[in-house]
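Read the structure below first, then the notes.
The structure presented is a predicted model; accordingly, all values stated were derived computationally and were not measured.
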Amino acid sequence: MKEIYRKSSIFGFIGGTGMILFCILYYFIWYEGFSVNGNILFEIGISGLAALGAGVYFKYAYEKMVASKSSKM
């Protein structure tokens, strides 16, 4: 379980950072006007912030987890 939280944290940080960078680049390169591109910028920006938030959440959860040992029968 601890490994899943670690990988989710990494994915959240990388995915969120990538979406936010794409949003910024999209604004400066392909921006035509808020009435044309506003929905894309808003949706990608909110998704990027949510992914970063998930990455932070899973990072703290990963750090607080106690390493459990599986017992073999």
Would you say [Y] ends up clustered with [X] if hydrophobic residues are merged whenever their side chains have heavy atoms under 4.5 Å apart, either directly or through other cluster members?
X	Y	value
Ile44	Leu49	yes
Ile4	Ile14	no
Tyr60	Leu52	yes
Val56	Met19	yes

Quiz item: If every non-hydrogen atom of Gly15 is compared with every non-hydrogen atom of Ala51, which pair is closest and at what distance?
Solution: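 Shortest heavy-atom separation between Gly15 and Ala51 comes out as C-CB, 4.4 Å.
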Quiz item: So which heavy atom on Phe58 is nearest to which on Tyr5, and how close?
Solution: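 Shortest heavy-atom separation between Phe58 and Tyr5 comes out as CB-O, 3.7 Å.
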Quiz item: If you draw a 6.0 Å radius around CZ in Phe13, do more than 12 non-hydrogen atoms from other residues or ligands fall strictly inside?
Solution: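 More than 12 heavy atoms, drawn from other residues, nucleotides or ligands, come within 6.0 Å of this atom.
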Which distance, rounded to the nearest 0.5 Å, do you find between the [atom1] of [X] and the [atom2] of [Y]?
X	Y	atom1	atom2	result
Tyr57	Ser8	OH	OG	11.0 Å
Phe28	Cys23	CZ	SG	10.0 Å
Ser47	Phe22	OG	CZ	11.5 Å
Ile24	Leu41	CD1	CG	10.5 Å

Quiz item: Cation-pi between Lys2 and Tyr62: NZ/CZ under 6.0 Å from ring centre and within 45° of the ring axis?
Solution: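 The answer is yes; both the distance and angle limits are met.
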Quiz prompt | Test side chain to side chain contact (heavy atoms under 4.5 Å, CB included) applied to Ile40 and Tyr26, step by step | solution = CA-CA 9 Å; Ile40 293 172; Tyr26 190 87; 3.6 Å; yes
